[in-house]
Amino acid sequence: MEVVVGGLFHRHLHPTLVETSRGARLQSVDPEAVLAAVLPPGDPALTELAREFDESWTRLRSRVRDGLLFAERTAFLRGEGWILYALARRLRPEQVVETGVANGHSSFLLLEALRRNGRGRLVSFDVMAGAGELVPQELRSGWDLRILPQRGRAAAFRDAMALLGPVGLFLHDSAHSYGWMELEFRAAWARLVPGGVLAADDIDWSYAFLDFARSVGTRPVVLVEASKPFGLLARPAGSPVSLPATPHGASERA
Ligand SMILES: C[S@@+](CC[C@H](N)C(=O)[O-])C[C@H]1O[C@@H](n2cnc3c(N)ncnc32)[C@H](O)[C@@H]1O
């Protein structure tokens, strides 16, 4: 009984930055240090990527205007955007999946990276029609934007993920409840290629990310930007595909 009650409370608590740091292989406020810990070696060179990213970031910011559907505070920050962009360029994924589009900051940067890669598509999930306003027409050909229904949302997400092929990069930036984060992480990890990366914003909204990392035996790398932690989990080559049983009896609420 005590274990069940403890488990239920656990799902409503939030880790502090000290706790995220304890669970991490590295936690830093420096995006370069975080990148050095997760970026696979190879081309293009980091200086070239930084130049490209500056260009894309400037173009993205020039599209931001009053009257967008979502408040500016929902937007991806520059440091996490840089990490996401560099990962998409170096991993050269055939498929990227993101959840949580809002005005489309992260979508724009991912699509820019895929455009420069000359391959790969982005599948994005949101729950609000009209999400992704910042993404220009010329980037939309490689973009599969899906709006999840209000009823049966978890099943719709799980079913859609089950039909996707291998995923090279996954970004969680949607609902941050324990149950929903856990649902996404499990669906994503089952499809993540060895060497692929699972990224998650706001990992201090619940213990879901830290618990998940522990359950798959991988220590995350964490960027802290504007006091909020952005976590990255790289899937080791040869790690088992099967996942451990749900540790806290998850139900999925968005
Ligand atoms: C923090 S914003 C995303 C910001 C976005 N990544 C960006 O860079 O601009 C969160 C988004 O998640 C969406 N959302 C909320 N619950 C969701 C769910 N269960 N599945 C998918 N998207 C969800 C919201 O409609 C909102 O667009």
Side-chain angles (χ1 to χ4, degrees), residues 11 31 53 56-88 96-114 122-136 139-140 143-162 164 167 169-188 197-206 208-209 223 225-232 250-254:
R11 297 168 64 82
F53 174 75
S56 295
W57 183 258
T58 305
R59 196 140 16 96
L60 168 61
R61 295 307 307 174
S62 74
R63 296 182 62 78
V64 175
R65 58 185 192 283
D66 287 345
L68 290 170
L69 194 55
F70 292 85
E72 176 66 7
R73 68 182 147 70
T74 61
F76 232 53
L77 302 174
R78 187 187 168 102
E80 50 192 16
W82 162 224
I83 289 169
L84 193 67
Y85 179 87
L87 278 170
V96 180
V97 175
E98 71 163 345
T99 64
V101 173
N103 293 323
H105 289 79
S106 48
S107 314
F108 180 101
L109 295 172
L110 287 166
L111 288 164
E112 279 278 273
L114 297 180
L122 170 66
V123 181
S124 303
F125 292 94
D126 205 287
V127 294
M128 286 277 288
E133 276 181 276
L134 291 173
V135 178
L139 285 178
R140 289 185 178 234
W143 195 26
D144 182 351
L145 171 59
R146 304 187 186 189
I147 304 302
L148 294 169
Q150 198 169 0
R151 280 172 173 271
R153 186 169 288 167
F157 176 73
R158 242 191 319 247
D159 291 351
M161 287 294 287
L164 297 181
V167 174
L169 177 60
F170 179 88
L171 169 65
H172 159 85
D173 193 16
S174 61
H176 299 315
S177 68
Y178 191 107
W180 189 266
M181 288 174 95
E182 184 183 45
L183 166 83
E184 285 195 7
F185 298 154
R186 292 174 71 81
V197 171
L198 183 160
D201 204 9
D202 297 310
I203 61 165
D204 60 345
W205 279 46
S206 82
F209 181 80
L223 171 74
E225 187 172 19
S227 304
K228 75 187 182 96
F230 175 61
L232 298 153
S251 70
E252 306 99 12
R253 245 172 290 125

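Remember, it's a predicted structure, so these values are computed and weren't measured experimentally. Read the numbers this way: they start at 1 and go in the same order the structure lists the ligands and their atoms.
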**Request:** Please indicate whether any nitrogen or oxygen in A75 is less than 3.5 Å from any nitrogen or oxygen in ligand 1.
**Result:** no

**Asked** Would you call R61 and E72 a salt bridge, taking side-chain N to carboxylate O under 4.0 Å as the test?
**Response** yes

**Request:** Could you list which atoms of ligand 1 come closer than 4.0 Å to a heavy atom of G104?
**Result:** 9 (O)

**Item:** Candidate pair D204 and K228, rule salt bridge (charged side-chain N to carboxylate O under 4.0 Å, His left out), full reasoning
**Value:** CA-CA 7 Å; D204 60 345; K228 75 187 182 96; over 6 Å; no

**Asked** What is the distance from atom CZ of F70 to atom CE of M128, rounded to the nearest 0.5 Å?
**Response** 4.5 Å

**Prompt:** Does a side-chain N-to-carboxylate-O contact under 4.0 Å join E133 and R65?
**Reply:** yes

**Request:** Give the numbers and elements of all ligand 1 atoms closer than 4.0 Å to a heavy atom of R153.
**Result:** 19 (N)

**Fill in**
Of L84, D126, L69, the residue with the heavy atom nearest atom 13 (C) of ligand 1 is D126

**Message:** Which of the numbered atoms in ligand 1 are under 4.0 angstrom from any heavy atom belonging to F125?
**Reply:** 21 (C), 22 (N)

**Request:** With heavy atoms of M128 as the reference, note each atom of ligand 1 found under 4.0 Å away.
**Result:** 25 (O)

**Prompt:** Polar-atom distance check: G100 versus ligand 1, any N or O pair below 3.5 Å?
**Reply:** yes

**Asked** Can you check whether H105 has an N/O within less than 3.5 Å of an N/O in ligand 1?
**Response** yes

**Message:** Distance under 4.0 Å to a non-hydrogen atom of S106: what atoms of ligand 1 satisfy this?
**Reply:** 5 (C), 6 (N), 7 (C), 8 (O)

**Fill in**
In terms of its nearest heavy atom to atom 4 (C) of ligand 1, the top option of L183, D173, D202 is D173

**Message:** Once you measure the plane-to-plane angle for W82 and F53, does it fall in the parallel (<30°), tilted (30-60°) or perpendicular (>60°) bin?
**Reply:** tilted

**Message:** Quick check on contacts: which atoms of ligand 1 are under 4.0 angstrom from a heavy atom of L148?
**Reply:** 20 (N)

**Asked** Are R59 and E112 close enough for a salt bridge, meaning some N to O gap below 4.0 Å?
**Response** yes

